[in-house]
Amino acid sequence: MNNINGRVWIFGDDINTDLMYPQICYTLPQEEKPYHAMEANRPGWAGMVRKGDIIIGGRNFGTGSSRPAADNLKNLGIVCVIAESINGLFLRNAVNSGLPALEIHGISGIAREGDTIVIDFVNSIIKNARTEEMINFKPLPAFLMEIIENGGIINILKNKGMLGKPL
Amino acid sequence: MDVVKMNIIENILFNHSVEPVKYVSPGDIVTVNVDRVIMVDMAALHPEFLDNPPVKPFDPEKISLVFDHYVPAPNIEIANRVNRLRKVVDRWGIKDFYDVGRGGISHVLGGEKGWFRPGSLIANTDSHTIATGAFNTLGRGLGTPEVMNIIATGKTWFPVGETLKINLENRIKPHTSAKDVFFYMASKIGDIPNKNIEFSGNGIEYLNIDQRSSISTMCAEVSAEFAVFPEDKILKQYMNERGYMDYHAAVPDTNAEYIDEMSIDMGKIEPMVAMPDRIIGNIKPISEIGRVEIDVAVVGSCANGRLSDIRDVAEVLNGRKISDRTRFVVTPASKAIYEEASRLGYISTIMEANAMVTNPTCGACLGGHMGVVGNGDNVISSTTRNFKGRMGGSGAKIYLASARSVAISALKGHIAGDLNE
């Protein structure tokens with residue numbers, strides 16, 4: 001997978017799925033959903049996100065529901081989520097949506113909001129472009145990287161002919 | 001090398017491994033065969049499912065479709081979408097379909113219908129699937145796209161996490177509930193993503209299946225992967241009474257390994273409350289929070305809308321009227337619970353107190369319907385989550401507590417855990 005080079009947004013501990021994908025999103029048109037991400041905890045944030053941005057969270061990122069919260073962040077333009085720790089369901093949902101999600105202990109200290117970081121998936125290193133500080137990470141298992149590189153599990157199922165006609 | 005000793009969770013993953021392995025241990029990723037896949041009505045609201053459903057399921061007998069979040073449909077958009085979802089029943093040949101008025105919340109219905117067999121492995125589109133742990137069953141909530149993959153293939157993968165052993169000791173006090181035990185535990189362990197909980201201890205025998213389910217369900221809120229109880233005579237009796245004899249319970253190997261072990265004396269726990277917006281790091285004894293007036297009280301959900309909870313509410317209300325300032329919504333978690341609560345007189349006791357009893361649904365817990373709250377509301381609820389905006393307006397303050405404490409608070413019009421204070 002190619003390097004990701006993106007601007008950082010910093011979030012704290014226990015950022016939950018319902019903040020990323022509020023209840024109202026369930027019945028909104030798909031294109032409107034991303035603009036409601038984080039409106040309860042950070043009003044106006046979604047409008048400031050540019051395609052290619054990265055989120056760095058604290059502990060227990062993505063705790064909560066099975067709703068397509070990771071997908072909503074991806075559709076907003078977020079290209080990678082990194083956190084001190086990530087809820088297991090959220091991590092799976094991110095990967096299955098084609099969004100890389102990395103658990104890296106110590107990531108919180110590596111960047112300030114607005115910094116640019118470079119994520120090198122080949123060498124499993126993240127570098128802050130401003131401070132040149134670097135941190136190694138444990139790569140995701142190869143079969144999960146494959147799902148991400150295919151753009152998510154739905155694409156894989158489609159390519160295998162396992163999805164049928166609409167209901 | 002020595003033979004690896006596996007705990008309950010590792011044994012279940014091992015028994016379901018697709019590839020023959022000698023053992024599983026923390027750090028492994030294991031591909032497993034899934035015994036049952038449960039899909040709830042929320043799949044109809046996923047952007048992909050209705051347009052691109054799996055062609056056919058790996059085994060229609062192992063698939064359940066349960067309408068629980070939005071029953072009955074609260075608006076035209078959802079009514080139209082679930083109409084499309086219903087078509088999958090005939091297309092796939094699903095027998096275990098529970099439509100409006102027929103079932104209840106999947107995590108409750110699954111126990112009633114014998115889908116949670118001790119030692120088995122369950123996948124479900126809802127995040128509180130960890131509830132199955134009360135049945136010595138591994139369950140994981142998964143996103144709709146991943147469940148589509150499991151429906152097509154019958155398989156998925158799980159990381160083998162480290163397991164925390166928690167010994168529940170002694171009997172809970174009469175005015176304390178299993179929910180308070182969870183809150184106390186959560187206040188001690190904090191968030192534990194990627195880790196499991198295995199319950200043990202002499203206090204388990206005093207907890208019925210409802211109470212165990214309350215604890216296992218809430219373990220989603222500390223981000224546990226799995227949380228399981230052992231099979232014992234109470235679970236055996238539950239299964240036997242319903243004619244579910246065909247299963248192989250999972251037991252820990254002698255000298256099974258755990259990352260840590262802690263004991264909780266349930267006899268010392270007082271009624272607790274999770275303060276608004278989060279559970280982690282936000283739990284207090286009710287006796288310490290001062291006066292908080294309550295506009296809305298809710299009892300329901302997979303965690304605490306069970307018969308034991310409805311009974312607690314009826315016992316508290318018993319001939320009294322709730323506070324004039326409070327609206328109280330009570331939602332039995334399944335049709336069977338509603339019927340039994342009705343037969344036992346709980347429903348009329350609750351209604352006589354001026355509380356409203358709704359049909360079984362997840363409704364209020366997710367801010368969907370049947371109890372949506374507004375900005376400025378102070379809410380006390382026995383449901384699962386108090387995230388900002390979870391139950392409706394993001395300006396509402398949601399406190400979580402046991403069903404019993406919610407009922408006491410509804411009577412008094414402010415948060416209280418002691419009826420006689």
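To find a chain, count down the sequence lines: A is the first, B the second, and so on, and within it residues start at 1.
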### Side-chain heavy-atom pair B/Thr144, A/Ser66 within 4.5 angstrom cut-off
no
Quiz item: Are A/Gln23 and B/Val372 close enough that some pair of their side-chain heavy atoms sits under 4.5 Å apart?
Solution: no
Mind running side chain to side chain contact (heavy atoms under 4.5 Å, CB included) on B/Met148 and A/Ile153 for me, showing each step along the way? CA-CA 9 Å; B/Met148 289 162 69; A/Ile153 191 89; over 6 Å; no
Where on [X] is there a heavy atom nearer than 4.5 Å to chain B: the side chain, the backbone, both, or neither?
X        : answer
A/Phe61  : neither
A/Glu103 : side chain
A/Leu144 : side chain
A/Asn93  : side chain
A/Ile86  : backbone
A/Pro22  : neither

Minimal heavy-atom distance between A/Leu89 and B/Gly141, with the atoms involved, is CD1-O, 3.1 Å
Note: B/Leu45 and A/Lys33 closest approach over all heavy atoms is O-NZ, 4.4 Å
Rounded to the nearest 0.5 angstrom, the CG-CG distance for B/Asn194 and A/Leu91 is 7.5 Å
Check your understanding: Does A/Glu32 CD have over 12 foreign heavy atoms under 6.0 Å away?
Key -> yes
Taking a cut-off of under 4.5 angstrom between non-hydrogen atoms, the residues of residues 154-161 of chain B near chain A are B/Thr156, B/Trp157, B/Phe158, B/Pro159
All N/O donor-acceptor pairs, side-chain side in residues 159-167 of chain A, below 3.5 Å, sequence neighbours left out:
unit_1	atom_1	unit_2	atom_2	d
A/Asn159	ND2	A/Asn155	O	3.2

In terms of heavy-atom proximity below 4.5 Å to chain A, should [X] be classed as side chain, backbone, both, or neither?
X        : answer
B/Arg91  : side chain
B/Ile279 : neither
B/Met42  : side chain
B/Arg86  : neither
B/Glu146 : both
B/Tyr70  : side chain
B/Arg84  : both

Discussion item. Could you tell me if A/Ser65 and B/Ser127 have a donor-acceptor pair between their side chains, going purely by distance under 3.5 Å?
Written reply: no
Heavy-atom pairs under 4.5 Å with chain A: which of [options] has the most?
options                      : result
B/Asn124, B/Ile280, B/Leu85  : B/Ile280
B/Gly190, B/Ala44, B/Pro145  : B/Pro145
B/Ala152, B/Gly389, B/Gly367 : B/Gly367

Go through it in stages, so that I can follow the logic: the residues are A/Thr63 and B/Phe387, the test is side chain to side chain contact (heavy atoms under 4.5 Å, CB included), and I'd like the CA-CA distance, side-chain angles, deciding distance and then a yes or no.
CA-CA 10 Å; A/Thr63 189; B/Phe387 300 155; 4.2 Å; yes
- Is the shortest side-chain N to carboxylate O distance from A/Arg59 to B/Asp191 below 4.0 Å? yes
Exercise for the section: Answer yes or no: is there a donor N or O on one side and an acceptor on the other, between the side chain of A/Arg92 and the main chain of B/Leu142, under 3.5 Å? Expected result: no
